[in-house]
Amino acid sequence: MPRSLHLCRPSTCPFVSNLVSRSDATLPWSNRQLRPNPSSLHWVARSIDASPLCGPSQARTPQSYSSLLGRCAETRCLLDVRRVQTHLIKTALCPTLLGHKLVDAYLKCSSVSDARGVFDEMPERHVVTWNSMIASYIKRRRSEEAVELYERMMSEGVFPDEYTFSSVFKAFSDLGRVAGGQRAHGLAVVLGLEVSNVFVGSALVDMYAKFGRMRDAQLVADRVTDQDVVLLTALIVGYVQHGEEFKAQAVFSDMVRKGIKPNEFTLASTLIGCANSADLKSGKSIHACIVKAGFDYAIASQTSLLTMYSKCGIIDDSFKVFNYLANPNLVTWTSLIVGLVQNGREEIALLKFREMLQNSVNPNSFTLSSVLRACSSLAMLETGKQIHAVLTKYGLVRNGYAGVALIDLYGKCGMAEMARSVFDRLIDIDVVSMNSMIYGYAVNGMGQEALELYNRMKDLELEQNQVTFVAVLLACSNAGLVEEGWQIFSYLRDSRETELRRDHYACMVDLLGRSGRLEEAEMLVTQMNNPDLVMWRTLLSACRVHGDVKTAERAMKKVLELAPGDEGTHVLLSNLYAATCNWSQLIEMKSTMRDMKLKKNPAVSWVEVDREVHTFMAGDLSHLGSKEILNTLEELIEKVRNLGYIPDTRYVLQDLDEEKKETSLYYHSEKLALAFALSRTKNKTNSVRILKNLRVCGDCHSWMKYVSVAVGREIVARDAKRYHHIKDGLCSCRDYW
DNA sequence: ATAGGGTTAG
């Protein structure tokens, strides 16, 4: 009988109702509710008597009720169980056995509350009933109630058995109750169940692994007499999740040697170990095991295989694994997307995400936070906002991971306020979310806001880590807060708590250098042991900003000692020579660069219009809309010249005459991108956002300030270093970058 | 009658 009959209401459809009652004897239990007046007690009584399972003569024996409940449990029909219970209450037959049957039937019908109701009414309960009740609480992650029952059963004089233990440890690990778990473990030892039952043993191994007590997990595993694949897999998972890939690998080889056959899950977990340690060689040997064992289509191990290849940087092989699978599930899709994002293939990640949706696979917070990371690296704000909407739809905006990804996106897209509103709605604020928010303020030059959060972290006694200090120092640096930065830096240097890292020094050198205190900056670099490339380069760029040729040359010497033939350095110094009109040095530098066959990393700017990314290179007029770009550019140039803009040809490194220098300035990638964006969004008043892979050029920076006045719109420009919010002729960086 | 391990993220 099709279940859809449930949709028919008996009272409105007498014909169907008749039909059903006539053929009643052949119906499964679950359709009896179609009868008129289904809740009547009389009806229950009659139907039980009339049931084909138990004729009138057997109707009142415990066996008949027992098998009736068995049928109800099989058909998973809650209403039937309730009816039998109603009938049963009037009898006083075998309460322990039938009570258990009722509890069991309710649990099979997924009604824990009904089961618990019966459970509580029972005068005495068998250990099996306790076990069923505890196990279903655990299955539903109601660990608190599971532990409560476990403790109550003992106080009522019922001893836990191997079934109890094999499920109850999970509740302790879920609640993080180490002491309680250990006490239960002690009892299991006393009852002789730790060593003799592999179910108990593996539950224990799993619990200790989840507590991070791998030594205890290993000790239990070693004591269990008949180790099996599940127990050893639990051990491997523990080692992998605590970064001991080597030991995981050892357990794996050991089990193979002992002749215990790894299954799909064992292979999956071992592979994650290979992925985490980027151990391609072991990963490939596990791949061979998978093929040999015939797990080619097993989803878990294939997903791990995909992850392993992508973490080893071989994303093409991840694709091969993925394409081989007929039915990738959500996790598989997500793994592929994550791998693509981690390997810098963000565009393909977004394509795959769309394909996933088209295949009716719904994303979760894992998927969406990865997709958001793709959006923020490409600074695709519009797409990111759509993902924000999807997160809202699934109720995931307050989720920590997704929230942090959103904060990063908005921070990196120059929308610190949006980032903050996401931040303020997070359910849990932790170090990572704090760091992202501080970093978001930092790249947007909002130093005070960053410091405020930093202080709030201290008030909340949130542990601060290396990332926190880098972010807050960067914030000081980008906002020119020298004193505040110096204070934090010296606090770090004097306290023994945190080890100062290269990045902290680099931020401080940057901060000192850019505020013109080049002497102190240089001193800080020389005070470090083994200052590396980054340090000298940081000093060098500070020299460029302040036109300090002498210090620059010392820094450059050091850089070239550490990295002979470093192109960035040559470019930086030639920028400096150009800016300070040291033409002879510039020419010399250029010929050295030519001799060394050094080429400038080409400048690229891009812009998102109508959810599409358009890329521009300096002087590249091959873009589809190049005619409209040139027209807009010309219009803009005329307007800004009237406002007082004068091209700053110091930023042209080629040896051209002045007029040609000016023209070459006009075709800088950021100008092309801005002109394009403006021409495509002519009748809009919101801000335009452009992005550049290198630092924004000085002339373009000043040009954009004029343009913001000319078109009356805010221009948000992200360069390699930070954000520039340009509005009404002023920039948030206060011409300091 | 009741039981144990797995794959995706900042």
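Given the structure is predicted, the values throughout are model-derived calculations rather than measurements. Reckoned from all heavy atoms, side chains included, excluding hydrogens, waters and symmetry mates.
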* To do: Would you please indicate yes or no on a ring centroid separation below 6.0 angstrom for A:Y410 and A:H388?
  =>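 Judged by ring-centre distance (under 6.0 Å), A:H388 and A:Y410 do meet the cut-off.
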* **Atom pair CG/OG1 of A:D222 and A:T225 - distance to nearest 0.5 Å** =>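 Reported to 0.5 Å precision, the distance equals 12.0 Å.
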* Asked: How far does CG of A:L306 sit from OG of A:S318, to the nearest 0.5 angstrom?
  ->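 Answer for the CG-OG pair, A:L306 versus A:S318, is 4.5 Å.
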The side chain of [X] lies closest to which of these nucleotides: [options]?
X	options	result
A:L231	B:dT7, B:dA3, B:dG4	B:dG4
A:D161	B:dT2, B:dG6, B:dG4	B:dT2
A:S304	B:dG4, B:dT8, B:dT7	B:dT7

Report yes if a donor N or O on one partner sits less than 3.5 Å from an acceptor N or O on the other, where the partners are the side chain of [X] and the base of [N]; otherwise report no.
X	N	value
A:D228	B:dG4	yes
A:S167	B:dA3	no
A:S202	B:dG4	yes
A:S365	B:dA9	yes

* Asked: Using a cut-off of less than 4.0 Å, is there contact between a side-chain N or O of A:K311 and OP1 or OP2 of B:dT8?
  ->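 Checking A:K311 against B:dT8: no side-chain N or O falls below 4.0 Å of OP1 or OP2.
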* Please state whether the phosphate of B:dT7, meaning OP1 or OP2, lies under 4.0 angstrom from any side-chain nitrogen or oxygen of A:Q241. =>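 For A:Q241, the contact criterion (side-chain N or O under 4.0 Å from OP1 or OP2 of B:dT7) is met.
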Any ion pair linking [Y] and [X] (charged N to carboxylate O, less than 4.0 Å)?
X	Y	answer
A:E144	A:R177	yes
A:K101	A:D104	no
A:E156	A:R125	yes
A:D316	A:R345	yes

* Asked: Taking atom P of B:dA9 as reference, at what distance in whole Å does atom CG of A:N364 sit?
  ->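 Checked: the CG to P distance equals 11 Å.
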Give me the residues of [range] where at least one heavy atom lies under 4.0 Å from an atom of DNA chain B, by number, or none.
range	answer
residues 322-337 of chain A	A:V331, A:T334, A:S335
residues 119-129 of chain A	A:H126, A:V128
residues 258-266 of chain A	A:N263, A:E264, A:F265, A:T266
residues 131-151 of chain A	A:N131, A:S132
residues 205-223 of chain A	A:D206, A:K210

* CD (A:E121) with more than 12 external heavy atoms under 6.0 Å ->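 Atom CD in A:E121 is not crowded, with 12 or fewer foreign heavy atoms closer than 6.0 Å.
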* Verify the neighbour count for atom NZ of A:K258: are there more than 12 heavy atoms of other residues, nucleotides or ligands below 6.0 Å? =>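 Check passes, neighbour count above 12.
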* Asked: Contact class for A:T164 vs. all strands (heavy atom < 4.0 Å): base, sugar-phosphate, or nothing?
  ->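 Nothing: the residue A:T164, judged by heavy atoms under 4.0 Å, touches no strand.
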* Apply side-chain contact (heavy atoms from CB on, under 4.5 Å) to the pair A:Y137 and A:R116, showing each step before the final yes or no. => CA-CA 10 Å; A:Y137 276 134; A:R116 183 61 191 260; 3.0 Å; yes
* Between A:F211 and A:Y208, how do the two ring planes meet: parallel, tilted or perpendicular, split at 30° and 60°? ->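 A:F211 vs A:Y208 ring planes: perpendicular.
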* Asked: Tell me the ring pair (Phe, Tyr, Trp, His ring centres under 6.0 Å) pairs involving residues 319-348 of chain A, sequence neighbours left out?
  ->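 Output for this query lists A:Y297-A:Y324, A:F322-A:W333.
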* Full working for ring-ring contact (aromatic ring centres under 6.0 Å, His included) between A:H185 and A:F172 -> CA-CA 11 Å; A:H185 180 191; A:F172 285 109; over 10 Å; no
